[in-house]
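Per chain, numbering begins at 1; letters A, B, ... match sequence-line order.
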2 protein chains.
Amino acid sequence: MQAGDRRRVVIENIEPEIDCGRFPIKRVVGEKVVVMADIFADGHAAVSARIRYRGPGDKEWREVRMRFYENDRWRGEFAVEEIGDYQYLIEGWVDRFKTWQQDLKKRLDAGQSFKADLLIGADYVNEALERASPEDRGKLCRLAEVLERGGDSKETLSIALNEESAALMQKVPDQRFVVASEKALVAVVGREKALFSAWYELFPRSCALEPGKHGTFKDCERLLPEIAAMGFDVLYLPPIHPIGETNRKGKNNAPEVLPGDVGSPWAIGSKEGGHKAIHPQLGTFEDYERLVKRARDYGLEVAMDLAFQCSPDHPYVKDHPEWFRWRPDGTIQFAENPPKKYEDIIPFNFETENLTALWEELRSIVLFWVDRGIHIFRVDNPHTKPFAFWEWLIQEVKRQHPEVIFLSEAFTRPKVMYRLAKTGFDQSYTYFTWRNTKKELIEYLTELTQTEVREYFRPNFWPNTPDILPEFLQYGGKSAFMIRLVLAATLNSNYGIYGPAFELCVNEVIPGKEEYLYSEKYQMKHWDRNKAGNLRDFIARVNRIRKENAALQTTWNLHFYEVDNDSLLSYGKATEDLSNVILVVVNLDPFHKQSGWLRIPVSQLGMDLTQPYLVHDLLSDDKCIWQGEKHFVELNPQILPASIFRIRKRLKREMDFDYFM
Amino acid sequence: MQAGDRRRVVIENIEPEIDCGRFPIKRVVGEKVVVMADIFADGHAAVSARIRYRGPGDKEWREVRMRFYENDRWRGEFAVEEIGDYQYLIEGWVDRFKTWQQDLKKRLDAGQSFKADLLIGADYVNEALERASPEDRGKLCRLAEVLERGGDSKETLSIALNEESAALMQKVPDQRFVVASEKALVAVVGREKALFSAWYELFPRSCALEPGKHGTFKDCERLLPEIAAMGFDVLYLPPIHPIGETNRKGKNNAPEVLPGDVGSPWAIGSKEGGHKAIHPQLGTFEDYERLVKRARDYGLEVAMDLAFQCSPDHPYVKDHPEWFRWRPDGTIQFAENPPKKYEDIIPFNFETENLTALWEELRSIVLFWVDRGIHIFRVDNPHTKPFAFWEWLIQEVKRQHPEVIFLSEAFTRPKVMYRLAKTGFDQSYTYFTWRNTKKELIEYLTELTQTEVREYFRPNFWPNTPDILPEFLQYGGKSAFMIRLVLAATLNSNYGIYGPAFELCVNEVIPGKEEYLYSEKYQMKHWDRNKAGNLRDFIARVNRIRKENAALQTTWNLHFYEVDNDSLLSYGKATEDLSNVILVVVNLDPFHKQSGWLRIPVSQLGMDLTQPYLVHDLLSDDKCIWQGEKHFVELNPQILPASIFRIRKRLKREMDFDYFM
């Protein structure tokens, strides 16, 4: 502390600010950053405050005024319009002119003399003149004149006290008294898809027309219209690189391999190449690039799997033995989590002496594929590689390619998952996969959407993955798949499924586990994609509803509503201007009809308690007119386990015929 | 981020840490600092962590091991034994040896081969040898030998896996992989009185034997035995400096002064001097110093009022006109909070050009009195002076005199009060004065004792002050005074009363306000200290209970208990070793007998649900034996509105006669 500091304002408890500014917050283009802070000074002096912020394209800082919120807390906001890094900070100061206005008002109300006070106000204005823009200077001169002239005319006092005068003076605080928050905070702004995406995971090798044949990229191309018709916009393929032969796993993860076994695509690398090569049985680089392009024509972006690990046959093992651990008996250290062993996979040693070379090689893998048109990466098991590595890698890639999206596939401890998100991942796998009851879902979604977590962790909900066939889907039949789809797709704006296992409602499991029997991870499958009872149409409907309703295109507007049945979950989402209001009710019980009384916070949704409103179930296409807060709902999971209502005010005229046509 | 960082551990969410380490936490000698943090690494590697800390007298850092707590959170603690500043930080690392032990254990359990693993363990130990102390080196050598020798003998494996081996290795982490928390945090350690004190506020000028005579320091001396007998340990006197005559206020704050009116002691400064002078009618420097010394003989420490403001007659006004604000009409700006005016008081201008000189002069005032034996200051209205000033001043004084205690008399907005505490005040006035109902008290005390606030804000509870005669005391009669005393003295380890108005249960008020009628602030009073119905004995009893029961000597051990009557408040306090357990029940209703069923968390208090325990009401001296959790209590405010039970386990023998003798 140095003696004689004249700056009296305090700025503390800034939000959003992650770990004292150690990590950035995240936004997508079109969102805003609402900044709050406690801002106050000693005594009864009035303070003013503003946000200064700067986008990636801005040379100068921009300013936006903060306003008093409550209890010494101030609020301001700015919109982010460009991809890249925004910086923001807060400035606050004792606003002598505003204080003077407040005091003058009180003196007037108490009938006290205020002659000298007008002159004091004039002094403040004159002092501010030199700091003003030429345009404002004229206005300030006129204000000073009025105050100097004095008198108690209504006009003089109105000019002295009005908000316009205060606003003028607020533009030119005396910088010697201005306090700035300690450091500029950062918002990493990504493209819209980071917040609104529907993923479809597909094993290309299972896409062949004929059973027993190895599928190719060309086979995938054939399926594009069908996947696009279901409404997905990201097509995620597990690793497409050559697969190792040494210690290859057989069907159902058997340690013994049989002739014809294709191995796990995550055992990357063979004599045909490593992470920058393509498995020859899938096709060529040209085939892959054509698939990526054709997919784009269908509105589908191809996402690549980034699995930073090697099969024992990966060229790195010979070329860079220093990147791996070696045991005293001269053997290489394969992956293990004792007593489990993964002999077909060798992890990198992230404590090796020359770690920089390894990091740089891994970065080159990402950039290699970015150059080939891939801008979305699903990162396999990021929690088994150092946090510092991801922070560096993602920053390095985004510096040149801020449009790239990284999805963290970390199913691990909560703090590890959140830390990975802080290091820069755009989207993250979550525990949604195992949250089934009303209490679980409300608790988890509240944590994700109503706490600081929302500033840096964008959830992506997966009802199933090739690794996980959860118990709820094992037991609940087709209704269970519908329930989980609606929840994933409407609770959260990012979701994905592993197909066709999902839409075919596959529930064959290794007994006592949550693993698929005859998993595609270890063998090719031949799916009957048109099997009766498949969910393709239902999925298409849900995805179309998402696309047509802006309220479902973000996760941060989620609110749970009361319903007096623990098997019914109800929640709403609305756009900020309330032009699109969605109400979802899901029967969480896949077996029984459930009903209950629902309470809709009608006033919060911009409607009148006394006026009827239009309710359109976008899933069933049923329509009705409701009024007030309480409504009876009943859902039969054998027919439709959910309703996705769009709610609209009635138009002014007597009856809104158009809407029902 | 730089490529190739080999440190894999993350340390985040450290507690206690105030505003990202911007402010220190507070402790008193004998307390501990419990440090928690999320500490983890990628993968399944085990981590280890320690606290490094250093007291004011330490040349070297000390180390204490942290232990896993839950959910990636770690915990460690250290005791503070000296007055002054402690620093603390956290170090964490991937503990390869511990990971190796865990893996080895799992391999053994699964019956897997582990020959090469013993050699890996030996490598880790050999590598650590050079970092070990000579003493530990021998032990590590023996450990390495055992592991190198190998085999599967029970003894070998026991040595490989035991906790002692892990602890040895934990002492010598490879510094290249150790992560330290970003900065050393600070704990300001004060003397015990900062946490445990009973204040008595007294106007010396009202202490004369004869009515109408101006009291003196010598008169105060005469009262010392009586104040000490009530059990107080701080004697706080309002300002003792010369009082201004210009604009002096009359009785009851009248703008017109009458002959003989003595003025407010807070209007400091006259031709007889300012903040470094003594009001001649009170006595001389010698008298004051003698009072301070004699008080100490009675276990009473004299606290001085620091009111940084001037009367218009203060010598500063002439000598340093630049330290004040002047109005365009040439008059000095007196204190005001429009439309209220305080014409007898002139504030300093803390935005003046040469502010440093003013700060330094104010510091010299504090040091002046410290040199004269004053080590406790009650600071008047600190919230009307800049936070930065207090932070600087308190640090400056404590650097030379760490034993000095500053009490913040700020009754203002919550964030302002908390910020003042962060700047360094040892104790703070609170809203206790206006918290009367069960709900209010539980909410407020929970905020003060169960949130981060407890790390830096030490509350001091005042049922009354010369400024405030709260409505509860106005209306509730003698019982109300007893209720508020017990609450202040047992909820909180720091409390104070303004006497003799308190012990005489004075409740004459300016109608419609919370201000004393004929307040001592503006006139001398002649109290009949022995008036019938006074609370001196009751206060003495409560203070003696505080002194005899260690559980009441801290605020941080407070827990509220259930009682099924909203007029009854119940709470417990216990020492950490449970050797002293106190249970308080207060009837918050000063008018009616109240009763209810109380639930005592017997097991948490170290007792057995099935065994009777001894209950001794230290206020009434009633004794009984209870068993189990539920008990009926009834309190008649006309007799005793509270019970302060000491709870003890029964001794082993059949009946504990001694205790009841």
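A heavy-atom distance below 4.5 Å is not found between the side chains of B:E336 and A:K106. In this structure, A:D117 and B:R327 have side chains that are in contact, with non-hydrogen atoms separated by less than 4.5 Å. At least one side-chain heavy atom of B:R96 sits under 4.5 Å from a side-chain heavy atom of A:E351. Under the 4.5 Å side-chain criterion, counting only non-hydrogen atoms from C-beta, A:T384 is not in contact with B:H44.
For the pair A:F387 and B:V10, the tightest heavy-atom approach, listed with the atom from each and the gap, is CD1-CG2, 3.4 Å. Residues B:P339 and A:Q112 come closest through the heavy atom pair O-NE2, 2.8 Å. Closest heavy-atom contact between A:T356 and B:G4: OG1-CA, 3.6 Å. When all heavy atoms are compared, the tightest approach of A:R413 to B:F40 is NH2-CB, 3.6 Å. A:W359 approaches B:A3 most closely through the heavy-atom pair CE3-CA, 3.4 Å.
Contacts of B:R363 with chain A are absent, with no heavy-atom separation under 4.5 Å from either backbone or side chain. Residue A:N13: no heavy atom, backbone or side chain, is found under 4.5 Å from chain B. When heavy atoms are compared at a cutoff of 4.5 Å, B:E353 approaches chain A by way of both its backbone and its side chain. With a 4.5 angstrom heavy-atom cutoff, A:D103 touches chain B via backbone and side-chain atoms both. For a residue to count as touching a neighbouring chain, one of its non-hydrogen atoms must lie under 4.5 Å from one of that chain's; by this rule A:V94 touches chain B with the side chain only. Heavy-atom distances place both the backbone and the side chain of A:A116 under 4.5 Å from chain B. Using a 4.5 Å cut-off between heavy atoms, B:T352 contacts chain A through its backbone alone, with no side-chain atom that close.
By number of non-hydrogen pairs under 4.5 angstrom with chain B, the leading residue of A:D109, A:N381, A:D38, A:L119 is A:D38. Contacts with chain A were tallied for B:G43, B:A110, B:P386; B:P386 has the most, counting heavy-atom pairs under 4.5 Å. Between chain A and the options B:G21, B:P382, B:A41, B:A45, heavy-atom pairs under 4.5 Å are most frequent for B:A41.
One distance of note links CZ of A:F389 with CG of B:D42; it measures 11.0 Å at 0.5 Å rounding. Distance check, rounded to the nearest 0.5 Å: CD of A:E17 to SG of B:C20 gives 5.0 Å. With rounding to the nearest 0.5 angstrom, the CG atom of A:D72 is 8.0 Å from the OG1 atom of B:T412. Between the CG atom in B:D329 and the CD1 atom in A:I120 there is a gap of 7.5 Å [rounded to 0.5 Å]. Between the CZ atom of A:R6 and the CG atom of B:N349 there is a distance of 8.5 Å, given to the nearest 0.5 Å.
Evaluation of the salt bridge (charged side-chain N to carboxylate O under 4.0 Å, His left out) rule for B:K341 yields no partner, not counting sequence neighbours. For B:E452, the salt bridge (charged side-chain N to carboxylate O under 4.0 Å, His left out) criterion is met by no residue, not counting sequence neighbours.
Residue A:E343 places its CD atom among more than 12 non-hydrogen atoms of other residues, nucleotides or ligands, all under 6.0 Å distant. In A:Y69, the OH atom is not crowded: 12 or fewer heavy atoms of neighbouring residues, nucleotides or ligands sit closer than 6.0 Å.
With hydrogens and angles ignored, the 3.5 Å screen pairs no side-chain donor or acceptor of B:E12 with any backbone N or O of A:D19. Side-chain atoms of A:K415 come within 3.5 Å of backbone atoms of B:N71 as a donor-acceptor pair (strictly under, hydrogens ignored).
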